[in-house]
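One structure is given here, and the rest of the page talks about it.
Labels below follow one simple rule: chain letters A, B, ... track the order of the sequence lines, proteins then strands, and each chain is numbered from 1.
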Number of protein chains: 2
Amino acid sequence: MSEVLASSERKVFRPRPRMGLAELMRDDIVSGALPAGSLLKTIELSKRYGVSTNPIREALHQLSGEGFVVLSRNRSAQVRSLDETFVRNIFDIRTLIEPYLIRVFVEQARKDDLDRAREVQQRLEVTQGDQVEWDKLDEEFHGIMYKRHFNGEARAIRQRHGEVVRALARRYPISSARRATVLKDHWEIIEAVEAHDADRAAQVVERHARGAERHLLLRMREGA
Amino acid sequence: MSEVLASSERKVFRPRPRMGLAELMRDDIVSGALPAGSLLKTIELSKRYGVSTNPIREALHQLSGEGFVVLSRNRSAQVRSLDETFVRNIFDIRTLIEPYLIRVFVEQARKDDLDRAREVQQRLEVTQGDQVEWDKLDEEFHGIMYKRHFNGEARAIRQRHGEVVRALARRYPISSARRATVLKDHWEIIEAVEAHDADRAAQVVERHARGAERHLLLRMREGA
DNA sequence: AACACCCAAATTATACAAAGTCAATGATAG
DNA sequence: CTATCATTGACTTTGTATAATTTGGGTGTT
């Protein structure tokens, strides 16, 4: 019937544009490309990301579940502000969860896990300038210790919070002093795990998280 | 142009059916109406709930964010199994978060909060048979102590986990022995808060949560 | 200032097209 | 003859498009 819209004009069902529209949008939120408080209108977003409104709405629902946007009926979604309070909240939870996670690793750590951790740690030592590479290795280091924990819920919470923190850290890069402290903490964690000292490992991990929080907050205050 | 579909046949845009399709579906999941592991096909669901597939897809995304269903690309969503492992995982996290939450309440508790808590507690004492009423009051009791905590992320996690547990508890009702223990725990919490003893409050709350976990697991094993 | 009205945007319904999944079927090699 | 692998087709999800309708906020009138 209607040849008005020739096939040249019609958008042509991008098969798998998606390796995560929600992930894309989350990155844009945390990186500041979608500023806190801004109104996310589905049509604008659909233009911005080159998809129709349906996937946008689904992504918004997912992000709402994750706490990055606030939905209200018949109103534009709003970007959740990622301020100091938010960072503090996230790190409070992280400070509870990470010691809980590491205790299991102390008991179940295999030799090849520890070898891998040491290897990653050595690569961290020589990674100087590159923030992204550093973040990747740091996540891998901790990921080795948590990835086999039975509590998938806890792992998921830590994972989500980690993504926020990493994205924020890209905005406020790490100092070299902090890097040195991180490296020291990591070696101490490895030592504690090798010694099967769960209490010490948990304690170091907690201190490690608190240190990361303090450093990020400091950077946010002076860098904003 | 097309009058082919007369208004008699066309579904007529239900104006505000939705105060939570996702909530409806979540209840059906936790209550077992949508059995664990079953495949959630969007068309079937749209018939079941009397809406079109669009809202269904959005609800599925939200439930996926909340962890009740598992989405994989190009495959039907699957209902997450709410088994013992899941309960244990949730309570592990709850056992970390609730003591953290109560500590702030010990410091900030107002007189009217405590009065209200006592009032709710007295209503709990006389609530015998009604599981739903009991759950409502129990949630209100703890809600009083947590609702003003600054950490909205932690509150949200606890809230979500609480909903699951309550829904499961409807399937495996509480025993009268457990009720007595809960009442004793609650008075002990009130006492600790009044005495400004954060450590004791945290300790009691942790024990309270562990007790709830043990009781629910027991019921699940014998009741299934 | 109170009120009605209008408009932009969201919400829902529906239809259709493209692409992935899965299983059954059939062909082929050993 | 049997086991393995490729093809096919039904079913399902994912995406695009558009119409009908509600909602909430802003605008203008009294």
Please determine, by modelled atom types, if A:Glu222 and A:Tyr172 share a side-chain donor-acceptor pair under 3.5 angstrom.
no
Look at the side chain of A:Pro55 and decide which nucleotide, out of C:dT12, D:dG15, D:dT13, has an atom nearest to it.
D:dG15
What's the [atom1]-[atom2] distance between [X] and [N], to the nearest Å?
X       : N      : atom1 : atom2 : value
B:Ile43 : D:dT13 : CD1   : C1'   : 9 Å
A:Tyr49 : D:dG15 : OH    : P     : 15 Å
A:His61 : C:dA10 : NE2   : P     : 12 Å
B:Leu60 : D:dT12 : CG    : P     : 15 Å
A:Glu58 : C:dT11 : CD    : P     : 13 Å
B:Lys47 : C:dT14 : NZ    : C1'   : 15 Å
B:Arg73 : C:dA18 : CZ    : P     : 17 Å
B:Lys41 : D:dC11 : NZ    : P     : 10 Å

Between B:His142 and B:His186, how do the two ring planes meet: parallel, tilted or perpendicular, split at 30° and 60°?
perpendicular
Would you check, one step at a time, whether the test side-chain contact (heavy atoms from CB on, under 4.5 Å) holds for B:Val87 with B:Leu82?
CA-CA 7 Å; B:Val87 169; B:Leu82 308 175; over 6 Å; no
Just to confirm, is there a sub-4.0 Å distance from OP1 or OP2 of C:dC22 to any side-chain nitrogen or oxygen of B:Arg75?
yes
So, is A:Ser52 near the phosphate of D:dA17, with a side-chain N or O under 4.0 Å from OP1 or OP2?
no
Just call it for [X]: base, sugar-phosphate, or nothing, with non-hydrogen atoms closer than 4.0 Å on any strand.
X       : answer
B:Leu71 : nothing
A:Thr53 : nothing
B:Arg57 : base

Please figure out whether A:Asn74 or B:Leu40 has its closest DNA chain D nucleotide nearer the 5' end.
B:Leu40
Intermediate values then yes/no, side-chain contact (heavy atoms from CB on, under 4.5 Å), A:Glu84 and A:Arg221:
CA-CA 9 Å; A:Glu84 285 197 16; A:Arg221 275 188 216 123; 2.9 Å; yes
Evaluate the criterion side-chain contact (heavy atoms from CB on, under 4.5 Å) for residue pair B:Ser76 and B:Leu40; output intermediate values, then yes/no.
CA-CA 6 Å; B:Ser76 297; B:Leu40 302 173; 5.8 Å; no
Mapping A:Ser76 and A:Asn54 to their closest nucleotides on DNA chain C, which lands nearer the 5' end?
A:Ser76
